[in-house]
Amino acid sequence: MFCAVACAALLVHLYQIAAIPNGIHVDEMGMGYDAWCLAHFGVDRYLKEYPVYLMNFGGGQSALYAYLCIPFVKWFGLSAVAVRLPGILLYMVSLFCGAGIFMLDTDDRARCKALAGMVMMTVFPAFIMLFRIGMDCNLMLAMSVIFLYLMARAVKVQRTAAFAAAGMAGGVLLYTYVISYVVMPIFMVLMLLYLVAIRHIRIKHLMIFGLVLAVLAAPLIAVQVINMFDLPEFQVGPFTITRLFQYRSGEIGLGHLSIQSVKDALMSIFLFDGLRYNTLIPFGTVYYISLPFIGIGFVKCMRDFAGSIREKVFCHRALYPLWLLVLFAVGCCMEANTNRLNAALAAAPVLAVEGIWEAMSWIRDIRTRRIAKLVTAGAYLICFGVFCIYYFGGTYAKDTSKMAYFDYPLDEAVAYVEADAKCSAQTTYISAINQTYIYYLGATHLSPYEYHQDNAFDREDPLIYSKWTAGHGRYRFGMPGQLEWDANYIVDHNNTASSSLLRESGFTEHPLEHYSVYTFELASFEQLEPDTDVELVWNAGVNAQNQMTPIQSTQLVNDVECVVLVGWGYDLKYMQPWDSVSLRLGSERYYAEPVQREDIAKQLGNEALLESGLLFILPKAAFDGQTSAELMLMDFDNKAYAMERVEILYETCN
């Protein structure tokens, strides 16, 4: 029976793991790429050697998941499956520890309770959904189950090795999620007071537990110290003690405590939150039928806790309401959701099982009690069946085709661009998704050293981060302010605004599974005659003979020598401003900034020409060796263009 439940748990977590939930969470992708970098280069994306705490997108990310992920991305490549497998495997370990807590009892019901506990951890929606996402915080739930079992076992058996194992589990727990830095000290103080009260503690055991825990916690304490006091980061052996550039120390504190925060914490633990990859309202975190049993189990465990203090005996069930209360108290002092307070759910299976057994004991008639047990088991089976039909049957995927913080990998779109000779030679814009650059790095498997070579990143200057994530090579992350006709565009299917603009502007769509690649074919546009269909007047930088003298138009712009050209123009045939005006110098194309010209609109009596102004700010170095430039004027609305050459008086360039 235990093996059957374990197989069912493994199946429900592995089934369609690459497709459900849709896409991949931005933190999954960030952690996965860091794990890939560590696996192949021994550094994360910021070139930090084996960091004890990851930078992620600036605010930090616990490192345990990334290190567990290393062998999977090394063997199977960077994919949703490789990123999600470590969480599932640690969950499977916790599954047996969750059953093992009941085996510390010696009565006849221990095995039945252990099996029931495994079933609860298998069928509860939160245990299914959270462990199907490779996010660092979700490991705290699995490690909490493991730690509580090893802690209870250590106190029960009173062996030095058992306390060392408990200390190790507690230390590893600190590497799962930052909230553990607050939860663990409070819980351990309460645990110590409890053991002192029942006179069930030995200094030797306390020292070995504390020593192992302290050794594992020391690097994380060092991380907090250098970030609190703005000290430089340093290395201990091969490991980097990380300094962040967004230290989020104020996310937990009494300043967040309010009636609303208490309500949010309760709902996040026992009901649902607003994130559909964490919880589903029709099912809750633990099914709504579990709530009365959890309440009964909580009261029973607290009663047993009080009795154990009176009788000076250890009650391992006392750990679970204490753990739950600590998580709830911390959750009231922060912005709560289910994945942040997931560790509180470590108590749910134990309390539910204890509550069911307690409720059944109230029924005196054996036959009635047997029927009540069957009804309870059937109710859970029905809830689990309905959940699986909704979650795996296609309805959930349809309802959550685009969730917050989730996007699809860019592999297919980048591969399409790279496979086409014309596309690969042009600039490619990737429509903005969550941290676009990390999906690009995940798709290209680009070395972090190569990315840093082209994208200089000053770790001392956090303002550089926005430039560091703006693009790489011929790829730009985000859509341009003005549409560039000689570029490719990768747009996800949910970005209807950009897709419509590109299609209306004459771009050809090449649909893929989750993205479309848009390319431009100039041959499909009408070519206008510059002399008859184009009105173009230069106010500065180009003379009446269509000659450019860069030396006379050079100005310092942001301490860089630039050639500034000013003018105005419009499509004379269709009487509207040009949608795009560009100059090609050598292999590079530069686009004019649109400028409002009220004088032109008023003079010509046409308000539509208000946007007819042109402003070019060109790097002076771009003119070296060039004798002419190609001026391209595009009218996307009417699918027309005009092209002419501008002569550069080269002898004046130097």
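Without hydrogens or angle criteria, N227 side chain to L244 main chain gives a donor-acceptor distance under 3.5 Å. Remark: side-chain polar atoms of R476 are paired, donor with acceptor, to backbone N or O of G473 under 3.5 angstrom. Proximity of a side-chain donor or acceptor of E412 to a complementary backbone N or O of H514 within less than 3.5 Å is detected. A donor-acceptor pair is defined here as one N or O able to donate and one able to accept, closer than 3.5 Å; such a pair exists between the side chain of D579 and the backbone of F636. With hydrogens and angles disregarded, no donor-acceptor distance shorter than 3.5 Å links the side chain of D635 to the backbone of K639. Under a 3.5 Å cut-off, the side chain of K620 and the backbone N or O of C562 do not form any donor-acceptor pair. Remark: the backbone N or O of T240 is not paired with any side-chain donor or acceptor of Y53 at under 3.5 angstrom.
With a 6.0 Å radius and a threshold of 12 heavy atoms from other residues, nucleotides or ligands, E598 has its CD atom at or below the threshold. Crowding of E630 atom CD: a count of heavy atoms from other residues, nucleotides or ligands under 6.0 Å exceeding 12.
The pair R84-E28 meets the salt-bridge criterion, with a side-chain N (NZ, NE, NH1 or NH2) lying under 4.0 Å from an Asp/Glu carboxylate O. Between E607 and K602 there is no salt bridge, since none of the side-chain N atoms of the basic residue sits less than 4.0 Å from a carboxylate O of the acidic one. In summary, D420 and K422 do not engage in a salt bridge, as defined by a charged side-chain N under 4.0 Å from a carboxylate O.
Between D533 and W578 the shortest heavy-atom distance is O-CZ2, 4.5 Å. When every heavy atom of F72 is checked against every heavy atom of A82, the shortest pair comes out as CB-O, 3.6 Å. Shown here for S628 and R645, the closest heavy-atom pair between the two residues is OG-NH2, 3.0 Å. Between P86 and C69 the shortest heavy-atom distance is CG-CA, 3.8 Å. Closest non-hydrogen pair, T508 versus E521, comes out as OG1-CG, 4.2 Å. Closest non-hydrogen pair, L512 versus A413, comes out as CD1-CA, 3.6 Å.
For an aromatic pair to be called close, the ring centres must be under 6.0 Å apart, and Y515 with H493 fails this. With ring centers used as reference points, Y475 lies under 6.0 Å from Y440.
Between D399 and Y390, the side chains place a donor N or O and an acceptor N or O closer than 3.5 Å (distance only, hydrogens not considered). For the residue pair T400/R276, the side-chain donor-acceptor check at 3.5 Å is not satisfied. No hydrogens or angles considered: a donor-acceptor pair under 3.5 Å links the side chains of N495 and S498. If you check the side chains of T428 and N488, you find a donor sitting under 3.5 Å from an acceptor. E484 and Y429 form a side-chain donor-acceptor contact under 3.5 Å, judged by distance and modelled atom types alone. Side chains of D273 and T279: a donor on one and an acceptor on the other come within 3.5 Å. With no hydrogens or angles considered, a side-chain donor-acceptor pair links N56 and R45 at under 3.5 Å. Using modelled atom types, one finds no donor on one side chain facing an acceptor on the other under 3.5 Å when comparing S447 with E450. Defined by atom type and a distance below 3.5 Å, a donor-acceptor pair is present between the side-chain atoms of N543 and Q547. Between Y451 and H472, the side chains place no donor N or O within less than 3.5 Å of an acceptor N or O (distance only, hydrogens not considered). There is a side-chain donor-acceptor pair under 3.5 Å between E509 and S516. In summary, the side chains of R132 and N138 do not present any donor paired with an acceptor at a separation below 3.5 Å, with no hydrogens or angles considered.
In this structure the side chain of E647 never reaches within 4.5 angstrom of the side chain of N546, judged on heavy atoms. Contact annotation: the side chain of L610 approaches that of Q596 to within less than 4.5 Å [non-hydrogen atoms, C-beta and beyond]. The shortest distance between side-chain heavy atoms of D407 and I24 does not fall below 4.5 Å. Residues N342 and C137 are in side-chain contact: their nearest non-hydrogen atoms beyond the backbone lie under 4.5 Å apart. In this structure, the side chains of Y391 and M129 come closer than 4.5 Å at one or more pairs of heavy atoms. With contacts defined as side-chain heavy-atom distances shorter than 4.5 Å, the pair N606/M575 qualifies. By the 4.5 Å heavy-atom criterion applied to side chains, M29 and L410 are not counted as neighbours. With a 4.5 Å cut-off on side-chain heavy atoms, D492 and I433 count as touching.
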Verdict with supporting geometry, L618 and V564, side-chain contact (heavy atoms from CB on, under 4.5 Å): CA-CA 6 Å; L618 310 166; V564 179; over 6 Å; no
Pair D27-Y65, side chain to side chain donor-acceptor pair (under 3.5 Å): steps then yes or no: CA-CA 11 Å; D27 284 337; Y65 207 123; over 6 Å; no
Derivation and outcome, side-chain contact (heavy atoms from CB on, under 4.5 Å), residues E233 and I226: CA-CA 7 Å; E233 69 181 31; I226 69 169; 4.1 Å; yes
side-chain contact (heavy atoms from CB on, under 4.5 Å) between R584 and V646, worked out: CA-CA 10 Å; R584 184 180 185 123; V646 178; over 6 Å; no
From CA spacing to verdict: side chain to side chain donor-acceptor pair (under 3.5 Å), Y570, Q576: CA-CA 6 Å; Y570 59 94; Q576 69 175 49; over 6 Å; no
E611 and R597: CA distance, side-chain angles, deciding distance, salt bridge (charged side-chain N to carboxylate O under 4.0 Å, His left out) verdict: CA-CA 6 Å; E611 302 290 337; R597 292 293 297 263; over 6 Å; no
M334/L341 under side-chain contact (heavy atoms from CB on, under 4.5 Å): CA gap, chis, key distance, verdict: CA-CA 10 Å; M334 60 186 290; L341 295 178; 4.2 Å; yes
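The CD atom of E526 sits 11.5 Å away from atom OG of S524, with the distance rounded to the nearest 0.5 Å. Atom CD1 of I551 sits about 11.0 Å away from atom CZ of F623, to the nearest 0.5 Å. How far OG of S582 is from OH of Y590: 12.0 Å, rounded to the nearest 0.5 Å. To the nearest 0.5 angstrom, D571 atom CG is 6.5 Å from N638 atom CG. Distance check, rounded to the nearest 0.5 Å: OG1 of T242 to OH of Y46 gives 11.5 Å. Between atom CD1 of residue I490 and atom OG1 of residue T436 there is a gap of 10.5 Å, rounded to the nearest 0.5 Å.
The ring-ring contact (aromatic ring centres under 6.0 Å, His included) with F507 is formed by just one residue from the set F525, Y518, F520, W485; it is F520.
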